Q: 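One structure is given below, represented as structure tokens, and several questions about it will come after.
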Number of protein chains: 2
Amino acid sequence: MKDALSILRRCKIQPTPQRIAVVEYVLKSKAHPSADDVLSYARKKCPTVSRATVYNTLNLLVEKGLLGMQTIKEGAVVFDSNIEKHHHFVDSETGDIYDIPWDQLEVKGKDKLKDFEIFEFQVILRGRRKKK
Amino acid sequence: MKDALSILRRCKIQPTPQRIAVVEYVLKSKAHPSADDVLSYARKKCPTVSRATVYNTLNLLVEKGLLGMQTIKEGAVVFDSNIEKHHHFVDSETGDIYDIPWDQLEVKGKDKLKDFEIFEFQVILRGRRKKK
DNA sequence: AATTTTATCTTGACATTGTCTAATATAATA
DNA sequence: TATTATATTAGACAATGTCAAGATAAAATT
Ligand SMILES: [Mn+2]
Ligand SMILES: [Mn+2]
Ligand SMILES: [Zn+2]
Ligand SMILES: [Zn+2]
């Protein structure tokens, strides 16, 4: 992944210290953090950053297609640095979310759903991650 | 579907006017209502019913396995009178949620996910419902 | 450089979701 | 009836998320 600065520049988003702190964390994380997770981290690098700026930046990244947003667990949306199509596995005990590569699963029968025009879909699995 | 009163009795939940109002609506609805939707309706039948009682009752029904709960759309959990296994389609424009029968879709490849013990899964599709 | 204009940030207010508690009301039991 | 257990209510509370107003900073003009 490229550094936060060049990512912001490439997308014509003014790189400010606050935005850099947000981007650095959220685009690097594979943990599907909540906005509050991002805020906590960003405040380490940039102690005065506000809740509003974090939300603004996250929403901006989502609009630009640089960041995914998922409503998988209750209470708060999570943000997803993986913007390729993929499925999700949620550990019921820990709440941790894992990516399942797109081609690992195949969903058959969508063509028969005549009443619906499908823009996107994903499989959401829940269970326990086996410790290796 | 049986009437609210006998459902509550059968599950050894004291049938009160408040609970009956909640059950009547939420177990009959196919619209995947939010807690607030349920509260609004319940207040028509039982104007003094409180937010807490609605949540208590909904949670009770979920615990007893009479009601499903889904985190499909952001902002609020929705409740699901369909407790059979099924998939979901979300209309991106309206936010409406439709049930997709379990055997209409087949998800292949789950066996190959060696790292995960799967308790449950579903396909979530998003798009536009075709007007018939 | 100084001024003006624009973009961004912060604070705090606000609405909504959901849980919890203390007080009250209702029902069941003795 | 008196006692006990159960349910309901109102409001407090915390968390998520949006918004507007004013403060700061950056950029553009002069
Ligand atoms: Mn988290
Ligand atoms: Mn609704
Ligand atoms: Zn993901
Ligand atoms: Zn459903």
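To find a chain, count down the sequence lines: A is the first, B the second, and so on, and within it residues start at 1. Keep in mind the model is a prediction, meaning the values are calculated, not measured.
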Q: Mind running side-chain contact (heavy atoms from CB on, under 4.5 Å) on B:V38 and B:T57 for me, showing each step along the way?
A: CA-CA 11 Å; B:V38 179; B:T57 305; over 6 Å; no

Q: Do you know which of A:H87, A:K30, A:H86 makes side chain to side chain donor-acceptor pair (under 3.5 Å) with A:D99?
A: A:H86

Q: For B:T53 and B:V49, indicate whether the former's side chain and the latter's backbone hold a donor-acceptor pair under 3.5 Å.
A: no

Q: Would you mind reading off the distance between A:R43 atom CZ and C:dT11 atom C1', rounded to a whole angstrom?
A: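 Distance, rounded to whole Å: 11 Å.
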
Q: Mind listing the residues from residues 58-66 of chain A sitting with a heavy atom below 4.0 Å of DNA chain D? Number order is fine.
A: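 When residues 58-66 of chain A is checked for heavy atoms under 4.0 Å from DNA chain D, the hits, listed by number, are A:N59.
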
Q: Mind calculating the distance between NZ (A:K73) and P (C:dG18) to the nearest angstrom?
A: 16 Å

Q: Rounded off to whole Å, could you give me the CZ-to-C1' distance for the A:F79 and D:dG17 pair?
A: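 Atom CZ in A:F79 sits about 10 Å away from atom C1' in D:dG17.
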
Q: I would like to know whether A:I97 and A:K73 meet side-chain contact (heavy atoms from CB on, under 4.5 Å); could you show each step before the answer?
A: CA-CA 9 Å; A:I97 300 172; A:K73 47 167 72 165; 3.9 Å; yes

Q: Before accepting this row, confirm whether a basic side-chain N of the pair B:K130/A:E117 lies closer than 4.0 Å to the acidic partner's carboxylate O.
A: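 A salt bridge is absent here (no side-chain N lies under 4.0 Å from a carboxylate O).
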
Q: B:D36 has an atom CG; how far is it from atom P of C:dA15, in whole Å?
A: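 B:D36 atom CG is separated from C:dA15 atom P by 14 Å.
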
Q: Within the 3.5 Å criterion, strictly below it, is a donor on B:N82 or B:H32 matched to an acceptor on the partner's side chain?
A: no

Q: How close or far is atom C1' of D:dA7 from atom CD1 of B:I20, stated in whole angstroms?
A: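 Taking atom C1' of D:dA7 as the reference, CD1 of B:I20 is at 13 Å.
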
Q: For B:S34 and B:D37, does a side-chain donor sit closer than 3.5 Å to a side-chain acceptor?
A: yes

Q: How close do B:C46 and B:A21 get, heavy atom to heavy atom, and via which atoms?
A: CB-CB, 4.3 Å

Q: Check whether any side-chain nitrogen or oxygen of B:Y55 sits under 4.0 Å from OP1 or OP2 of C:dT19, and answer yes or no.
A: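 Checking C:dT19 against B:Y55, no side-chain N or O comes under 4.0 Å of OP1 or OP2.
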
Q: Mark up nucleotides 4-10 of chain C, 5' to 3', with B wherever a protein heavy atom is under 4.0 angstrom from a base atom, S wherever such an atom reaches only the sugar-phosphate, and - elsewhere.
A: ----SSB

